[in-house]
Protein chains: 2
Amino acid sequence: MKEWEEQFRAFLRGRGLTFTPERRAVLEEIFAEHGHFDVETLHDRLRSRGSRISIATIYRLIPLLTESGMIRPATLRDGHPTYEHLFGHRPHHHLTCVRCGKVVEFRQEEIEKILDKICGRHGFSPFDYRLGVRGVCAACRKEETG
Amino acid sequence: MKEWEEQFRAFLRGRGLTFTPERRAVLEEIFAEHGHFDVETLHDRLRSRGSRISIATIYRLIPLLTESGMIRPATLRDGHPTYEHLFGHRPHHHLTCVRCGKVVEFRQEEIEKILDKICGRHGFSPFDYRLGVRGVCAACRKEETG
DNA sequence: TTGCGATTGTTAATCATTCTCAATATAAGG
DNA sequence: CCTTATATTGAGAATGATTAACAATCGCAA
């Protein structure tokens, strides 16, 4: 059984909820890729594989996945929420190109240390942080200038 | 004439748009406070001062304010967009308490330097960045523990 | 003052998300 | 293998925020 399946089953059990084929299908689809996803594309992907799952089921699943730590909200793409899964993925952050939409992920421990210091100063106990940089990528800048 | 009025007028002029009493009223209201705002509370605040402005007018104004650099999107509060104005305010970031919703702003040049380095490595030209930390503030933690 | 384009408020439309509900599936206990 | 109580599902209706359409008004330049 896959690592994430085990973890999600445990979470559901703890709440008296059940692991269903629909839920498995959604998880499979989420973990099939490392990129970001939103509810609609997830639904489309499942449908295109022959699943008859309702989009409402996916919407209903999102909070469970978030609370169980399987996924977390990522950056917003044109104002609606996207998510990323948290397995085989260390916490990371995003450079987003505002022209082509390309997203580059990066990781920087140095920043985490600074943040810990800042949180300490303000008496905060942090449990998540998010860093998003918006800009223009090399390719788009080139196109723009020339 | 206030600094921000001058700047917004210039922006509108450059686009062949006009500075109206409604637009002034919205700006006044935005700059009356330093905190975050969303469209609905802005509308309520204006109404409670006797204005008859329509909420559609405010929605229509948001992109103009963003493009002119008067405001920028801030963190999301329960999934709908909030903004902050950019006058008398240096760029800053947020610690948000997930229990009581308190937001502490902080500023850290060191982080900006690190980000510049990272952007350089990826060929990005950054023009905005956003750093949000979610956690529990001292008061709430105290309450929690007993 | 006139005229043209921008702006406004109202109302209707749209879109994502959530809710309702009847039907079905699940897990646990016999 | 049955039974039962509860959780889950899909379909479609309902919601709520945001956007669009439109006719009436306003603001600016000539």
Side-chain angles (χ1 to χ4, degrees), chain A residues 1 5-6 8-29 36-68 71 73-83, chain B residues 1 5-6 8-29 36-47 49-68 70-71 73-83:
Chain A
M1 194 189 296
E5 178 170 336
E6 200 160 357
F8 193 50
R9 273 180 186 276
F11 169 81
L12 292 174
R13 210 178 307 121
R15 293 222 184 170
L17 306 177
T18 57
F19 190 76
T20 66
E22 289 81 6
R23 287 173 179 176
R24 181 203 298 272
V26 173
L27 278 200
E28 294 273 8
E29 197 58 53
H36 296 170
F37 63 90
D38 61 17
V39 169
E40 199 186 335
T41 57
L42 204 51
H43 186 232
D44 290 346
R45 273 158 59 191
L46 284 159
R47 290 296 193 133
S48 74
R49 296 196 181 196
S51 168
R52 304 200 153 285
I53 195 169
S54 157
I55 199 166
T57 298
I58 302 176
Y59 274 113
R60 283 188 281 236
L61 193 46
I62 294 290
L64 294 176
L65 293 173
T66 305
E67 286 160 33
S68 65
I71 68 174
T75 48
L76 279 94
R77 207 186 307 246
D78 339 294
H80 67 263
T82 63
Y83 306 90
Chain B
M1 192 190 295
E5 178 171 335
E6 200 160 356
F8 192 50
R9 274 179 185 277
F11 168 81
L12 292 174
R13 209 177 310 122
R15 294 221 184 169
L17 306 177
T18 57
F19 189 77
T20 64
E22 289 81 4
R23 286 174 179 177
R24 181 203 298 272
V26 173
L27 278 200
E28 292 274 7
E29 197 57 53
H36 296 171
F37 63 89
D38 61 19
V39 170
E40 199 186 335
T41 58
L42 203 51
H43 186 233
D44 290 347
R45 273 159 57 190
L46 285 159
R47 290 294 192 133
R49 295 195 183 197
S51 168
R52 304 201 152 285
I53 194 169
S54 156
I55 198 167
T57 298
I58 303 176
Y59 274 114
R60 283 188 282 238
L61 192 47
I62 294 291
L64 294 176
L65 293 173
T66 306
E67 286 160 32
S68 65
M70 311 294 287
I71 67 174
T75 47
L76 279 93
R77 207 187 306 247
D78 342 294
H80 68 261
T82 64
Y83 306 89

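Keep in mind that this is a model prediction, so the values were computed, not measured. Letters go in sequence order (proteins before strands), and every chain restarts at 1.
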(Q) Side chain of A/E40 only, heavy atoms from C-beta on: which candidate in D/dA17, C/dA16, D/dG12 is closest? (A) C/dA16

Q: Could you check how far CG of A/L46 sits from C1' of D/dG10, rounded to whole Å?
A: 14 Å

(Q) Nearest to the side chain of A/S54, heavy atoms from C-beta on, is which of C/dG9, C/dT18, D/dA11? (A) D/dA11

Q) Between B/P21 and B/I55, which has a closest nucleotide on DNA chain D that is more 5'? A) B/I55

Q) Whole-Å distance between D/dA17 P and A/H80 NE2? A) 19 Å

Q. Can you tell me how far OG1 of B/T82 sits from CG of B/D38, rounded to the nearest 0.5 angstrom?
A. 7.0 Å

Q. Just how large is the angle between the end axes of the helix from C/dT1-D/dA30 to C/dG30-D/dC1, five pairs per end, to 10 degrees?
A. 30°

Q) Expressed in angstrom and rounded to an integer, what is the separation of A/R52 atom CZ from D/dG12 atom P? A) 13 Å

Q | Validation row: B/L42, B/Y83 side chains within 4.5 angstrom (heavy atoms) | A | no

Q. In a check of side-chain hydrogen bond (donor to acceptor under 3.5 Å, both in side chains) between B/E29 and each of B/R24, B/H43, B/R49, which one passes?
A. B/R49

Q: Would you indicate which nucleotide in C/dT8, C/dT7, D/dA11 comes nearest to any side-chain atom of A/R60?
A: D/dA11

Q: Considering just the side-chain nitrogens and oxygens of A/T57, establish if one lies under 4.0 Å of OP1 or OP2 belonging to D/dG10.
A: yes

**Q.** Length of the CD-P vector between B/E22 and D/dA24, whole Å
**A.** 18 Å

(Q) Just to verify, which of A/L65, A/I58, A/L61, A/I53 counts as forming a side-chain contact (heavy atoms from CB on, under 4.5 Å) with A/R23? (A) A/L61

(Q) Quick check for you: to the nearest 0.5 Å, what is the distance between B/E22 atom CD and B/S51 atom OG? (A) 7.5 Å

Q. Taking the side chain of A/L17 as heavy atoms from C-beta outward, which of D/dA7, D/dA11, D/dA17 is closest to it?
A. D/dA7

Q) So does A/T18 get a side-chain nitrogen or oxygen closer than 4.0 Å to the phosphate oxygens (OP1/OP2) of D/dT6? A) no

Q) Nearest-Å distance, CG (A/D44) to P (C/dA16)? A) 11 Å

Q.
How many whole angstroms separate atom CZ of A/R24 from atom P of C/dT26?
A. 11 Å

Q. Considering only C/dT8, D/dA17, C/dT17, which nucleotide approaches the side chain of B/R23 most closely?
A. C/dT8

Q: Between C/dA16, C/dC19, D/dT8, spot the one nearest the side chain of A/T20, thanks.
A: D/dT8

(Q) Within the 4.0 Å heavy-atom criterion, would you say B/I53 contacts the bases, only the backbone, or no part of the nucleic acid? (A) sugar-phosphate

Q. A/L61 CG to D/dA7 P: how many Å, rounded?
A. 16 Å

Q: Nearest-nucleotide wise, let me know which of B/R47 and B/L12 is further upstream toward the 5' end of DNA chain C.
A: B/L12

Q.
Do A/D44 and A/T41 pair up side chain to side chain, a donor and an acceptor below 3.5 Å, judged on atom types alone?
A. no

(Q) For the CZ atom of B/R15 and the CD atom of B/E67, what is their distance to the nearest 0.5 Å? (A) 4.5 Å

(Q) If I take atom CZ in residue A/R13 and atom P in nucleotide D/dA7, what distance separates them, rounded to the nearest angstrom? (A) 16 Å

(Q) Can you tell me how the ring of B/F8 sits relative to the ring of B/F19, calling it parallel under 30°, perpendicular over 60° and tilted otherwise? (A) perpendicular

